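Given the structure is predicted, the values throughout are model-derived calculations rather than measurements. Residues take their numbers from the sequence shown, with the count starting at 1.
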Amino acid sequence: VGLAFFLPEIIVGAPVAGNPMPYVINGIVAAIIVGVTIGIMIKFGCFERKEFSKDVENAPSWKESYKITFKNKAFMIYCVIALAIFIVYGILPTVIPIYADELLNSEDPGLIMLVGLIVSAASTPLWMYLRKRFGVRKSYMMAAGFWAVSLLLFLFATDELTAYIFIIFVGIGLGGSLYIYDQGIAELIDDDEVRSGISVRREGAYYGVVALFNRLSGAINLIVLGLVFGGAGWGDYELRDPAQGPIILPIVQIYWPVL
């Protein structure tokens with residue numbers, strides 16, 4: 001994920017109208033990285049255990065999957081939370097580089113997000129400890145609360161240096177969200193297995209619906225970005241009225257994710 005933000009800085013650089021070749025090269029390099037990683041995962045990754053290989057034969061249909069999941073009240077609450085988290089996952093990588101470039105005069109706006117991702121990985125031991133100490137629910141609430149407060153700190157960023165300082169706190173909150181997110185749905189699946197009284201785990205049904213909310217978050221972000229940036233006259237990588245930058249960019253980077 002870090003490479004996804006760092007490579008365009010090296011290969012593409014500043015956008016140049018009518019010159020698509022840097023984007024093509026960036027796409028080729030990204031495809032090679034993805035292909036190599038998938039190959040490593042297929043060759044050396046985890047494999048299905050033999051005792052579970054027949055579970056797919058008794059798996060519910062897609063209609064039954066929706067019935068199972070939408071009747072689970074705890075899971076639906078989780079989906080609303082997941083939708084909100086997915087929205088923030090999608091909006092920050094898009095807007096933080098623009099925010100840093102337009103408002104903080106950053107020379108390497110993508111590098112700021114890269115620092116946040118590195119910090120999120122480094123904060124994993126902290127969230128592992130909090131997860132063991134307080135459980136999934138409370139530690140997830142702590143991560144989301146810390147993440148929201150850290151985003152509000154960006155309102156006080158005045159230059160590139162302060163942005164690098166504040167992105168450290170954003171990265172810590174992001175790390176907690178990434179680490180604890182899957183553990184929350186795992187507990188819901190375990191609970192479903194116990195309550196249903198059947199021997200087949202139905203994680204496919206639950207993860208499938210979560211993936212649906214993930215795609216929905218992308219659509220919501222596109223609508224929000226289109227309305228906000230389009231209304232402000234964003235085009236050709238410049239604002240028609242630069243004075244609107246300090247107004248619209250905090251809306252999409254800070255207030256919308258915090259909300």
If I compare all heavy atoms of [X] with all of [Y], which pair ends up nearest, and what's the gap?
| X | Y | answer |
| --- | --- | --- |
| Arg131 | Ser139 | CA-OG, 3.9 Å |
| Gly90 | Pro93 | O-CD, 3.7 Å |
| Ala163 | Ile112 | CB-CD1, 3.9 Å |
| Leu104 | Ala157 | CD2-O, 3.5 Å |
| Leu92 | Trp147 | CD1-CZ2, 3.8 Å |
| Thr158 | Thr162 | N-OG1, 3.0 Å |

Side chains of [X] and [Y]: closer than 4.5 Å at any heavy-atom pair?
| X | Y | result |
| --- | --- | --- |
| Leu111 | Tyr164 | yes |
| Ile172 | Ser150 | no |
| Phe166 | Leu151 | no |
| Tyr207 | Ile189 | yes |
| Leu83 | Ile220 | yes |
| Phe86 | Asn221 | no |
| Glu160 | Asn105 | no |
| Tyr89 | Asn214 | no |

Look at the side-chain heavy atoms of Ile, Leu, Val, Met, Phe, Trp and Tyr, link any pair under 4.5 Å apart, and say whether [X] and [Y] land in one connected group.
| X | Y | result |
| --- | --- | --- |
| Val36 | Ile33 | yes |
| Val115 | Phe156 | yes |
| Ile40 | Ile32 | yes |
| Val149 | Leu178 | no |
| Leu216 | Leu222 | no |

Working to the nearest 0.5 Å, report the span between [atom1] of [X] and [atom2] of [Y].
| X | Y | atom1 | atom2 | answer |
| --- | --- | --- | --- | --- |
| Ile180 | Thr124 | CD1 | OG1 | 10.0 Å |
| Leu153 | Ile165 | CG | CD1 | 11.0 Å |
| Cys79 | Tyr206 | SG | OH | 9.5 Å |
| Glu187 | Gln183 | CD | CD | 8.0 Å |

Original post:
Tyr78 vs Tyr181 aromatic rings, parallel, tilted or perpendicular, using cut-offs 30° and 60°?
Top reply: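 Parallel, since the angle between the ring planes stays under 30°.
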Original post:
CE of Met141: more than 12 outside heavy atoms within 6.0 angstrom?
Top reply: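 Open.
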**OP:** For atom OH of Tyr129, decide whether the heavy atoms of other residues, nucleotides or ligands shown that lie under 6.0 angstrom number more than 12.
**Re:**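 No, OH of Tyr129 has 12 or fewer neighbouring heavy atoms, counting only those of other groups under 6.0 Å.
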**OP:** Show your working on side-chain hydrogen bond (donor to acceptor under 3.5 Å, both in side chains) between Thr69 and Asn72 and close with a plain yes or no.
**Re:** CA-CA 5 Å; Thr69 53; Asn72 190 325; over 6 Å; no
**OP:** For Ile185 and Phe75, run side chain to side chain contact (heavy atoms under 4.5 Å, CB included): C-alpha distance rounded to whole Å, both residues' side-chain angles, the deciding distance at 0.1 Å, then the answer.
**Re:** CA-CA 8 Å; Ile185 190 172; Phe75 177 71; 4.3 Å; yes
Original post:
Going through the checks in order, is the side chain to side chain contact (heavy atoms under 4.5 Å, CB included) test met by Tyr140 and Ile85?
Top reply: CA-CA 11 Å; Tyr140 204 14; Ile85 295 295; 3.6 Å; yes
Original post:
Is there a donor-acceptor pair under 3.5 Å between the side chain of Ser177 and the backbone N or O of Leu174?
Top reply: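 No, Ser177 side chain to Leu174 backbone: no donor-acceptor pair under 3.5 Å.
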